[in-house]
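Chain A is the first sequence line, chain B the second, and so forth, proteins listed ahead of strands; every chain is numbered from 1.
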Protein chains: 2
Amino acid sequence: MERYGHILRSYDIKPSYTRLLIYQYLKEHKNHPTADEIYQSIQQNIPTLSKTTVYNTLHLFIKKHLATMIMMDETETRYDLITKPHAHFKCMSCSKIYDVAVDVEQFSVEGLSDYVVNDAQLLYRGICPKCQA
Amino acid sequence: MERYGHILRSYDIKPSYTRLLIYQYLKEHKNHPTADEIYQSIQQNIPTLSKTTVYNTLHLFIKKHLATMIMMDETETRYDLITKPHAHFKCMSCSKIYDVAVDVEQFSVEGLSDYVVNDAQLLYRGICPKCQA
DNA sequence: AAACAAAATTGAAACCATTACAAATTAATG
DNA sequence: CATTAATTTGTAATGGTTTCAATTTTGTTT
Ligand SMILES: [Mn+2]
Ligand SMILES: [Mn+2]
Ligand SMILES: [Zn+2]
Ligand SMILES: [Zn+2]
């Protein structure tokens with residue numbers, strides 16, 4: 001928990017207990033959770049936790065470029081820590097989102113030279129191997 | 001209008017008047033409209049148009065791989081015809097979505113060999129040139 | 001320590017894009 | 001014309017997210 005304090009501070013985020021737990025959850029559950037999944041989990045440690053705080057914290061993380069949001073369908077927004085660039089694959093059958101390894105060098109796209117790029121995402125949709133039986 | 005009938009038919013979509021108008025709107029307004037923007041525009045030609053029909057038609061277009069949905073933030077889903085692959089850049093200041101010339105196919109991603117890929121999207125977020133003043 | 005100010009958290013209500021669903025209209029078939 | 005299927009419509013419901021004022025916690029000053 002507290003071992004993540006310096007990480008939050010390096011992103012100009014004051015490491016409150018709630019923020020540490022939310023960061024820890026994202027760090028140790030890389031399954032692109034929804035805000036509600038994070039809430040349900042941390043509520044066990046902080047019974048008074050408000051869902052608004054989860055949203056507030058996630059928005060703060062995003063503003064500080066520590067996390068990003070992944071939207072594959074309109075029903076649920078998912079969150080992911082910004083680590084090394086990788087792509088996401090969503091199976092339209094089982095709804096699972098997979099991490100996909102990607103070569104970073106390919107991401108230097110011409111035509112963006114005048115743009116300030118804060119975030120880049122490569123998203124795929126289709127059918128995963130398990131659902132092809 | 002009717003000149004688009006054969007296009008819809010080639011995607012196994014029966015070209016009703018409403019569907020033709022919605023397709024025409026997407027074809028001639030490449031600004032990634034929301035469902036409501038499409039509705040507001042076509043309502044002038046079809047006063048009895050229902051917003052449900054707009055959603056139904058867009059979902060049909062997507063199922064037939066004629067259109068795709070772009071989700072950059074949680075408030076509004078945007079729609080785009082599937083033409084030649086290109087990326088999207090969303091300015092976090094003015095909220096405009098730009099087309100970026102990129103051949104997404106060139107992004108040879110390892111680890112997708114066993115997946116069936118139906119759709120690929122490359123999304124950028126940042127600040128556009130106009131908003132850097 | 002007490003008093004004050006700033007930041008973080010909470011809870012309930014409101015928001016609003018999207019969906020569900022059954023009725024109504026239109027098109028297709030014979 | 002009669003029957004059936006397909007399309008469209010309108011309203012209500014859904015549910016994830018936001019708003020916002022109150023509360024609690026944290027930090028600062030005397
Ligand atoms: Mn990921
Ligand atoms: Mn586009
Ligand atoms: Zn699957
Ligand atoms: Zn801009």
In Å, rounded to the nearest 0.5 Å, how long is the span from SG of A:Cys131 to NZ of A:Lys96?
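The NZ atom of A:Lys96 is 10.0 Å from SG of A:Cys131, to the nearest 0.5 Å.
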Spatial distance of atom OH (A:Tyr55) from atom CD1 (A:Ile22) [nearest 0.5 Å]:
11.5 Å
Gap between atoms [atom1] and [atom2], on [X] and [N] respectively (whole Å):
| X | N | atom1 | atom2 | answer |
| --- | --- | --- | --- | --- |
| B:Met72 | D:dT17 | CE | C1' | 20 Å |
| A:Ile38 | D:dT17 | CD1 | P | 10 Å |
| B:Met71 | D:dG16 | CE | P | 16 Å |
| A:Tyr55 | D:dT17 | OH | C1' | 5 Å |

With a 4.0 Å cut-off (strictly under) to non-hydrogen atoms of chain A, the first and last hit nts on DNA chain C, 5' to 3', are C:dA7 to C:dT19
Would you mind classifying the nucleic acid contact of A:Thr75 as base, sugar-phosphate or nothing, using non-hydrogen atoms under 4.0 angstrom?
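Here A:Thr75 touches the backbone only, sparing every base.
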Is any side-chain nitrogen or oxygen of A:His59 closer than 4.0 Å to OP1 or OP2 of D:dT17?
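Result: no.
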Do you see a donor-acceptor pair shorter than 3.5 Å between the side chains of A:Asp119 and A:His65?
no
Could you check whether B:Thr34 and B:Asp36, counting side-chain N and O atoms only, form a donor-acceptor pair closer than 3.5 Å?
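Judged by distance alone, the side chains do not pair up.
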Please verify the inter-ring angle class for A:His32 with A:His86; under 30° counts as parallel, over 60° as perpendicular, anything in between as tilted.
tilted
Is any side-chain heavy atom of A:Tyr25 less than 4.5 Å from a side-chain heavy atom of A:Pro33?
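In contact.
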Hey, does A:Ile46 have a side-chain heavy atom less than 4.5 Å from the side chain of A:Leu21?
yes
Assert yes or no for the condition that the ring centre distance of A:Tyr98 to A:Tyr124 is strictly below 6.0 Å.
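A:Tyr98 vs A:Tyr124: aromatic centres not under 6.0 Å.
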What string of B, S and - do you get for nucleotides 3-11 of chain D, 5' to 3', if B is base contact, S is sugar-phosphate-only contact and - is no contact with any protein heavy atom under 4.0 Å?
---SSSBBB
